[in-house]
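Throughout, numbering of the chain's residues begins at 1 and tracks the sequence.
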Amino acid sequence: MAGGDEGLAGVPRRLFHQNLSLLRNRRLHRMLALAGHELRFGLPGPGDGVLVWGASPTAWRGEAVAARRGVPLVRVEDAFLRSVLPGRAGGAAPLGLLVDPVGVHFDSRAPSRIEQVLGHADLYDSNIFNEAGRLIHSLIEADLSKYNNFDPDLPCPEPGYVLVVDQTRGDASIRASGASAATFRAMLERAKGDHPEARIVLRSHPETALGLRAGHFGAGDAGGRVSLLTAPVSPHRLLAGAAAVYTVSSQLGFEAVLHGHRPHVFGQPFYAGWGLTQDEQPLPRRSRRLTHEELFVGAMLLTPLWYDPCRDRLCGLEEVIRQLEAEVRAWREDRHGHVAAGMRLWKRGRLQAVFGGVSPLRFRDDPAAADRLAAATGRGLLLWAGKEPAGFKPEAPCLRVEDGFLRSRGLGAELVPPVSLVTDDLGIYYDPTRPSRLEALIATPLTDSQRRRAEALIARLRAEGLSKYNLPGAVPPLPEGHRILVPGQVEDDASIRLGAGELRTNLALLQAARAANPDAVILYKPHPDVEAGLRPGAVDATGLAEMVLPGVDPAALLAQVQEVWTMTSLMGFEALLRRVPVTCLGAPFYAGWGLTRDLGPVFPRRTARPDLAQLVHAALVAYPRYWDPVGRRPCPVEVALDRLASEDIPHPGRWNRALSKLQGRFASLAHLWR
């Protein structure tokens with residue numbers, strides 16, 4: 001990827017434009033600045049350049065200025081992985097740009113930078129070639145395309161069809177690639193003639209399906225063995241089921257190549273002419289023969305500028321895939337809106353930020369009333385898991401919400417908002433009496449790229465000592481011997497009520513650990529909420545533990561023990577991350593899979609035997625949603641770790657601290673009144 005202090009090759013440092021829309025385009029300004037360029041409104045001088053947006057209707061102004069002043073013309077366009085929604089549908093700023101001082105990638109009448117890269121660059125460096133293969137699989141696994149406002153759960157036609165790809169009328173890429181509206185009619189007739197017995201699926205462009213721009217095919221073209229597909233189905237699933245693909249110049253043709261197709265191409269898009277397509281209009285100057293990995297290297301790794309909006313920096317494609325995956329998940333879960341129930345007042349601001357980005361949340365106190373409203377308005381029900389009434393059967397689609405396992409720098413009981421929240425459409429992770437989405441994820445085998453990501457995450461958590469609350473606290477000198485850590489818990493916690501066995505108190509846990517290990521060094525760590533006086537569970541460990549360790553960093557402590565005994569504490573999971581053996585007397589989400597010694601309840605559903613990477617990917621990548629409190633947008637787990645490690649998280653403030661103390665007083669009184 002080009003960029004940094006050296007700037008983009010062949011692009012003048014100062015670029016001028018004559019368009020108000022570019023003046024307001026902050027993402028464009030920022031990405032060019034990070035690449036070492038300055039974008040200004042006005043007229044260029046010697047040594048400067050002129051920037052225009054592709055072949056837009058206003059590009060003629062810049063073209064005329066550049067010609068009159070004899071300075072280079074630079075064109076910029078969205079890269080091939082853009083955003084959730086199309087720009088015309090209110091999509092966010094693009095995550096990637098193609099900055100081209102040669103031409104523009106969709107105009108085959110003259111060379112472009114991407115054509116030069118594909119035609120002349122060394123695309124078979126073994127390292128980058130292997131990375132390309134991995135990233136192609138990652139894109140397809142993540143179900144990401146240029147635009148991503150499709151529903152991955154919508155059914156595709158039965159496999160075996162011929163896919164004919166429509167585009168929007170008047171699009172510059174059609175005319176500039178040597179095609180016209182008549183080309184689409186000819187393409188459809190050719191597909192029918194080539195496959196006289198096959199089903200033909202006409203796939204509408206996403207902007208046509210949204211009613212933003214007309215396409216070339218409509219309902220009048222369907223009939224018999226020809227069907228019109230306007231539903232927002234997954235492009236990757238559509239390509240996976242196709243027997244053949246026909247296109248003029250759509251990006252779907254590029255993605256078809258990545259799926260192993262050799263599409264019939266009736267225009268001259270950037271991916272045609274390299275031996276990977278069946279070209280109706282061959283382009284003689286493209287004589288090189290490429291593999292699909294080499295095409296991907298040029299189009300996705302070497303040519304674009306990619307931008308990380310959370311870290312505010314240029315980045316590689318992998319970071320963009322992870323960021324877009326987080327944004328797409330949020331859009332898909334939230335696009336119909338939610339009615340939220342069981343949410344305390346102090347939580348609502350963060351919940352609104354995390355789940356209300358597409359449609360603002362509507363809060364109700366009573367879950368039943370919230371469910372009725374959600375069902376009546378076509379929204380989903382967002383329910384704080386601990387507030388779900390017994391036997392509750394919602395009518396609306398329901399997501400149960402809880403804090404994630406990498407939560408914050410500070411306690412929830414002190415009203416520190418979380419950077420991660422989990423959502424569960426089946427149950428909730430701490431309730432083993434019924435299935436949960438986390439259980440299903442744990443039992444799902446990993447792909448190679450998912451495994452690599454999980455292993456990198458484990459290594460980073462160990463190296464940086466990150467945990468759920470990330471509270472400071474040095475570990476004092478510990479007695480020598482076989483050290484067993486016994487983490488205390490909040491005794492009225494739902495994980496104990498629902499997942500503990502016969503032992504349900506911190507005292508009983510200590511007694512069991514001591515009885516089974518009379519010669520060991522027992523170290524007792526009270527739960528931080530109990531230490532702070534905010535929740536019940538205090539215990540006198542005299543005679544049962546050699547040391548009580550309040551206010552100690554749990555990650556640092558786990559590095560100095562040989563074993564952990566717990567009921568259902570998350571510290572058992574954090575111990576597994578660090579390869580510390582764990583004995584469970586309850587049934588937390590990480591127990592019952594063969595990774596722990598289980599002395600508590602056994603749930604027959606947990607028959608899979610995942611390894612640690614599989615458990616970690618499920619619990620820390622696939623299950624939670626992460627929210628960047630600095631960039632104020634969905635983010636991948638890696639960004640959340642950056643925030644937790646750097647302490648770059650806005651503090652909740654004095655009001656939250658005072659409110660947390662008041663909340664603790666009421667909690668203590670309620671415990672006494674029981």
Side-chain touch Ser408/Asn470, heavy atoms, less than 4.5 angstrom: no

Any side-chain heavy-atom pair of Trp384 and Lys347 under 4.5 Å: yes

Side-chain touch Val419/Val639, heavy atoms, less than 4.5 angstrom: no

Check ion pair Arg625-Glu333 (N to O, under 4.0 angstrom): yes

Donor-acceptor under 3.5 Å (Glu574 side chain, Pro554 main chain): no

Trp346 six-ring face occupied by Arg344 cation (under 6.0 Å, within 45°): no

Non-hydrogen atoms of Asp308 and Cys310 that approach each other most closely: OD1-N, 3.0 Å

Main-chain N/O of Gly537 paired to Asn506 side chain as donor or acceptor, under 3.5 Å: yes

Minimum side-chain heavy-atom gap Leu576-Leu612 below 4.5 Å: yes

Side-chain (Arg335) to main-chain (Arg332) donor-acceptor, under 3.5 angstrom: yes

Check: Ser569 main-chain N/O paired with Gln489 side-chain donor or acceptor under 3.5 Å: yes

Side-chain heavy atoms of Leu485 within contact of Leu558, under 4.5 Å: yes

Check: Ser359 and His336 side chains under 4.5 Å, non-hydrogen atoms: no

Exercise: do Arg329 and Thr423 side chains pair donor with acceptor under 3.5 Å: yes

Atom pair CD (Glu402) and CG (Asp431), whose distance is rounded to the nearest 0.5 Å: 11.5 Å

Atom pair NE2/CZ of His338 and Phe355 - distance to nearest 0.5 Å: 6.5 Å

Closest contact, heavy atoms only, Arg82 versus Gly91: NH1-C, 4.2 Å

Side chain to side chain donor-acceptor pair (under 3.5 Å) assessment of Ser138 paired with Glu318: CA-CA 8 Å; Ser138 294; Glu318 186 166 33; 5.4 Å; no

Check against side chain to side chain contact (heavy atoms under 4.5 Å, CB included), Leu95 and Leu81: CA-CA 7 Å; Leu95 295 171; Leu81 197 63; over 6 Å; no

Check: Ser449 main-chain N/O paired with His137 side-chain donor or acceptor under 3.5 Å: no

Donor-acceptor contact present, side-chain Arg462 to main-chain Leu577, <3.5 Å: yes

Under 3.5 Å: donor-acceptor pair, side chain of Ser420, backbone of Leu406: yes

Val621 side chain near Leu457 side chain, heavy-atom distance below 4.5 Å: yes

Student check: side-chain heavy atoms of Leu641 and Leu466 closer than 4.5 Å: yes

Distance-only donor-acceptor check, side chains Glu141 and Thr447, under 3.5 Å: yes

Asn148: partners by side chain to side chain donor-acceptor pair (under 3.5 Å), with sequence neighbours left out: none

Single hit among Phe589, Tyr626, Tyr469, Tyr430 for ring-ring contact (aromatic ring centres under 6.0 Å, His included) with Phe405: Phe589

Main-chain N/O of Asp642 paired to Ser646 side chain as donor or acceptor, under 3.5 Å: yes

Inter-residue atom distance Leu361.CG - Met343.CE, 0.5 Å rounding: 7.5 Å

Carboxylate-amine/guanidinium contact Asp424 Arg400, below 4.0 Å: no

Lys/Arg N to Asp/Glu carboxylate O, Glu638 vs Arg322, below 4.0 Å: yes

Verdict with supporting geometry, Asp448 and Arg134, salt bridge (charged side-chain N to carboxylate O under 4.0 Å, His left out): CA-CA 8 Å; Asp448 289 343; Arg134 180 170 61 83; over 6 Å; no

No-hydrogen, no-angle side-chain donor-acceptor test under 3.5 Å, His29 and Asn25: no

Arg643 side-chain N/O to Val630 backbone N/O, donor-acceptor pair under 3.5 Å: no

Val564 versus Pro487, closest heavy-atom pair with distance: CG1-CD, 4.0 Å

Backbone N/O of Ala440 and side chain of Thr444: donor-acceptor pair under 3.5 Å: yes

Full working for salt bridge (charged side-chain N to carboxylate O under 4.0 Å, His left out) between Lys468 and Asp403: CA-CA 10 Å; Lys468 182 173 183 177; Asp403 289 339; 5.4 Å; no

Smallest separation among heavy atoms of Ala132 and Glu293, with atom names: CB-O, 3.9 Å

Taking every non-hydrogen atom, the tightest pair across Ala640 and Cys635: N-SG, 4.1 Å

Between CG on residue Leu644 and CZ on residue Arg407, distance to nearest 0.5 Å: 10.5 Å

Gap separating the CD1 atom of Ile428 from the OG atom of Ser495, nearest 0.5 angstrom: 11.5 Å

CG on Leu441 to OH on Tyr429, rounded to 0.5 Å: 14.5 Å

Glu327 versus Gln323, side-chain donor and acceptor atoms under 3.5 Å: yes

Chi angles and distances behind the salt bridge (charged side-chain N to carboxylate O under 4.0 Å, His left out) call for Asp628, Arg633: CA-CA 6 Å; Asp628 178 16; Arg633 62 193 303 143; over 6 Å; no

Exercise: identify the closest heavy-atom pair between Leu461 and Arg578: O-NH2, 3.4 Å

Residues, nucleotides or ligands: over 12 heavy atoms within 6.0 Å of Arg27 CZ: yes

